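Chain A is the first sequence line, chain B the second, and so forth, proteins listed ahead of strands; every chain is numbered from 1. Worth saying up front: this structure is predicted, and the values here are computed from it rather than measured.
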Amino acid sequence: MGSEVELRRAIRRRLIEESVNPYPHKPKYSPTPVREVVRSPQVGATVAIAGKILGIRRHGGLIFFDIVDDGVRIQCSVSRGEVGEGLFSFFENYVDLGDIVNVYGTLYYTRKGELTVAVKDLQLLAKALRSPPVKWGHRVLDPEVRYRKRYLDLMTNPHARRVLEVRFRTIEEIRKFMWSKGFIEVETPILQPIYGGAAARPFKTYVWALDAEWYLRISLELYLKRLVVAGFNKVFEIGKNFRNEDIDVEHNPEFTMMESYEAYADYNDVMKLTEELISTVAERVLSTTVVEYPLGKELVKISLSPPFRRFTIAEAFREFAGIDIEGITDDKVKELLARYSISLPGGYDRGRAIVKLFDRLIGREHLIQPTFILDFPQSSSPLAKPHRSKTGYAERFELYIAGMELANAYTELNDPELQAEYFREEEARRAMGDLEAHPFDWDFIEALEYGMPPTGGLGLGIDRLVMVFTGSTSIKEVIPFPMIKPREFQNQDSK
RNA sequence: GGGCCCGUAGCUCAGCCAGGUAGAGCGGCGGGCUUUUAACCCGUAGGUCCCGGGUUCAAAUCCCGGCGGGCCCGCCA
């Protein structure tokens, strides 16, 4: 068959027969990053660059081609008159779209004013057996291919690359910010005998050495608090959480969180930290604190400058739904649950009912600008400390931006007896069929029994923050390799 | 979990409603062209029409089932 791969395999073989290595170990001309070459180009200067050929325009004795190096494009030209028949026909016969090459030449501007490298010598660095599926920057692949073969999307789609650059830069700036505040970065186990710290279904795994069923963590919380117990006053971790739940535009089963814990702080301090973190990181990564986010057909401007709006959950109900959630009877609450067909696994509980109603009625439309929702019902927050002045409530806040929950934070519960009581309540609900109820963690209780200082904790969803930063409406966009169902491997050209 | 839409050449898609020999652009290959940039011009090859069943003289097209994907809804961040 004359398929592309077969034709290119033949070229590879011919190169080897002619003693040209199609995959040399190093470039002959030590390359300068194209990013640096284009920053302050000097006409006539000799440069050596390297990159992937993602465009070729042949004009007989003159060939223009584009190479992309680390996401930056530059045009090169090969002239038969300048390089001679040998190199010119080598390029024509052996070099294809997708190949990675080392170019040595001089800078000039074409008639159309484009900076171009006039090739004097060229070395093949890696022969590509497949050409890129689309031209660089010109067409977007089918969504399935974009996510399934993400490297092709990132190779050919500068926007996709830009989104991930923002992600990686965001993580970098979050680290710097946290370090600057005196937090130290730590690591805690991903494989755990008991999961906890959030309401979610876990992934199970099996540890051969212990002959035991373990879990992938659903949050970072309980181990980070153990470090606070151990005497580390300001810790944070950036890492993956795993939740065995649905995949959609806001959820990927593995996602990245930053969690921080600070001794002697409460949730008011954590609110300040959160505002400062988000605005500072936005300013450093995006050079602005105003982002645009597509909602429906509109691009909505979102300001990430502090202070963020604050509503207690009761105020939010009054303001956005016209409901006096504290004043109404349980019957009325149940009526609302029924009206919006919300079920409560584990039986009716007013607090958790209110949170479910909140998610259903208020979340999406009203919480576009950054908004702290504070003081959640205690029964929905088993790891948070009861409110200092409002009975039945916990000192907890969630941060919403663009209708998405981005952060969750508490004044941490450090009373081991109360924590044990809350765990028992969770266990009871688990027994009644709530798969997301917390399992009882005796080891964690014992740790608290040794004494944990009053502590403020924060969990921040990195993926969603990057969605806000980049105006992405799908979490898949901001994850290098989002979860997608595997397909049977089909590669007819492979042997 | 429920609903809607999609799956055809390497890529993007038309053809499907109204069944009758599989199409375009880009890309590939061959030729031309020394300042183009989604280069251009001429020629040419390239298909498990996602898979499996059914209806029919005849299915890419109609029906049923499955697989994969996207979006919306419900739920967890």
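In this model, no side-chain donor or acceptor of A:Glu114 finds a partner on the base of B:U35 within 3.5 Å. Counting atom types as modelled, A:Asp246 pairs a side-chain N or O with a base atom of B:G74 as donor and acceptor under 3.5 Å. Evaluation of atom-type donor-acceptor distances gives a pair under 3.5 Å for the side chain of A:Thr110 against the base of B:U36.
In this structure, of B:U37, B:G68, B:G70, it is B:G70 that holds the atom nearest to the side chain of A:Lys476. Comparing B:U35, B:C29, B:U12 against the side chain of A:Val145 picks out B:U12 as the nearest. Out of B:G70, B:G27, B:G74, the shortest distance to the side chain of A:Ser131 is found at B:G27. Comparing B:U35, B:G28, B:U37 by their nearest atom to the side chain of A:Gln75 picks out B:U37. With B:U35, B:U12, B:C75 as the choices, the nucleotide that has an atom nearest any side-chain atom of A:Ile342 turns out to be B:C75. For A:Val249, taking side-chain heavy atoms from C-beta onward, the closest of the listed nucleotides B:C71, B:C75, B:G69 is B:C71. Considering only the side chain of A:Glu4, B:G28 comes nearest among B:C71, B:C75, B:G28.
The residue A:Arg360 sits close only to the backbone: its heavy atoms come under 4.0 Å of sugar-phosphate atoms, none of a base. Nucleic acid contact for A:Ile484: sugar-phosphate only, since backbone atoms but no base atoms lie under 4.0 Å from a heavy atom of the residue. Here A:Glu250 lies in heavy-atom contact (under 4.0 Å) with a base. Residue A:Gly55 is out of contact with every strand shown, counting any heavy-atom pair closer than 4.0 Å. No contact: A:Asn241 has no heavy atom under 4.0 Å from any strand. Residue contacts for A:Asp359: at a heavy-atom cut-off of 4.0 Å it reaches the sugar-phosphate backbone alone, with no base atom in range. As judged by a 4.0 angstrom heavy-atom cut-off over every strand, A:Asn244 is placed among residues making no nucleic acid contact. At the heavy-atom level, A:Glu405 lies under 4.0 Å from the strands shown only through sugar-phosphate atoms.
Salt bridge status for A:Lys356 with A:Asp359: absent, with no side-chain N to carboxylate O gap under 4.0 Å. With salt bridges taken as basic N to acidic carboxylate O contacts below 4.0 Å, one links A:Glu426 and A:Arg429.
Nearest-nucleotide assignment on RNA chain B puts the 5′-proximal partner with A:Pro132, out of A:Arg111 and A:Pro132. RNA chain B is contacted by both A:Arg58 and A:Val134; A:Val134 maps to the nucleotide lying nearer its 5′ end (nearest heavy atom per residue).
Rounding to whole angstrom units, NE2 of residue A:His59 and C1' of B:U34 are separated by 9 Å. We find that CG of A:Leu337 is positioned 14 Å from C1' of B:C75, with the value rounded to whole Å. Counting to the nearest Å, the P atom of B:C5 and the CD atom of A:Glu144 are 19 Å from each other. The separation between A:Leu54 atom CG and B:G10 atom P is 21 Å, rounded to whole Å. Between A:Arg243 atom CZ and B:C75 atom P there is a gap of 17 Å when expressed in whole angstrom units. With rounding to whole Å, A:Asn93 atom CG is found 14 Å from B:G31 atom C1'. Rounded to whole Å, atom P of B:G46 lies 13 Å from atom CG of A:Leu7. B:G27 atom P lies 13 Å from atom CZ of A:Arg8, rounded to whole Å.
Between B:C17 and B:U44, the distance separating the two C1' atoms is 35 Å to the nearest Å. Rounded to whole Å, the separation between the P atoms of B:G15 and B:G2 comes to 30 Å. Distance check on atom C1': B:A22 versus B:A14 gives 11 Å, rounded to whole Å. Separating the P atom of B:G23 from that of B:C63 is a span of 24 Å, rounded to the nearest Å. The C1' atoms of B:C16 and B:U8 are separated by 11 Å, rounded to the nearest whole Å. Atom name C1', nucleotides B:U21 and B:G10: the rounded distance is 25 Å, in whole Å. B:G7 and B:U61 are spaced 14 Å apart, taking the C1' atom of each and rounding to whole Å. B:C13 and B:C71 are spaced 15 Å apart, taking the P atom of each and rounding to whole Å.
Looking at A:Asn252, its side chain never comes within 3.5 Å of a backbone N or O of A:Lys476 through a donor-acceptor pair. Between the side chain of A:Ser379 and the backbone N or O of A:Pro377 there is no donor-acceptor pair closer than 3.5 Å. Of the possible polar contacts, one joining the A:Glu4 side chain to the A:Ser131 backbone as a donor-acceptor pair under 3.5 Å is found.
For B:G27, the OP1/OP2 oxygens have a side-chain nitrogen or oxygen of A:Lys135 closer than 4.0 Å. Residue A:Lys112 has no polar side-chain atom (N or O) positioned under 4.0 Å from OP1 or OP2 of B:A39. The side chain of A:Arg57 contributes no N or O atom lying less than 4.0 Å from OP1 or OP2 of B:C40.
More than 12 heavy atoms of other shown residues, nucleotides or ligands fall within 6.0 angstrom of atom CD in A:Glu85. More than 12 heavy atoms of other residues, nucleotides or ligands lie within 6.0 Å of CD in A:Glu92, so this atom counts as buried by the packing criterion.
The nucleotide B:C4 finds its pairing partner in B:G70, both defining distances of the Watson-Crick or G-U wobble pair being shorter than 3.5 Å. Searching all strands for a Watson-Crick or G-U wobble partner of B:C17 with both distances below 3.5 Å returns nothing.
Ring pair A:Tyr400/A:Phe358: centre-to-centre distance below 6.0 Å.
When A:Arg167, A:His159, A:Arg146 are each tested for a side chain to side chain donor-acceptor pair (under 3.5 Å) with A:Glu477, only one passes: A:Arg146.
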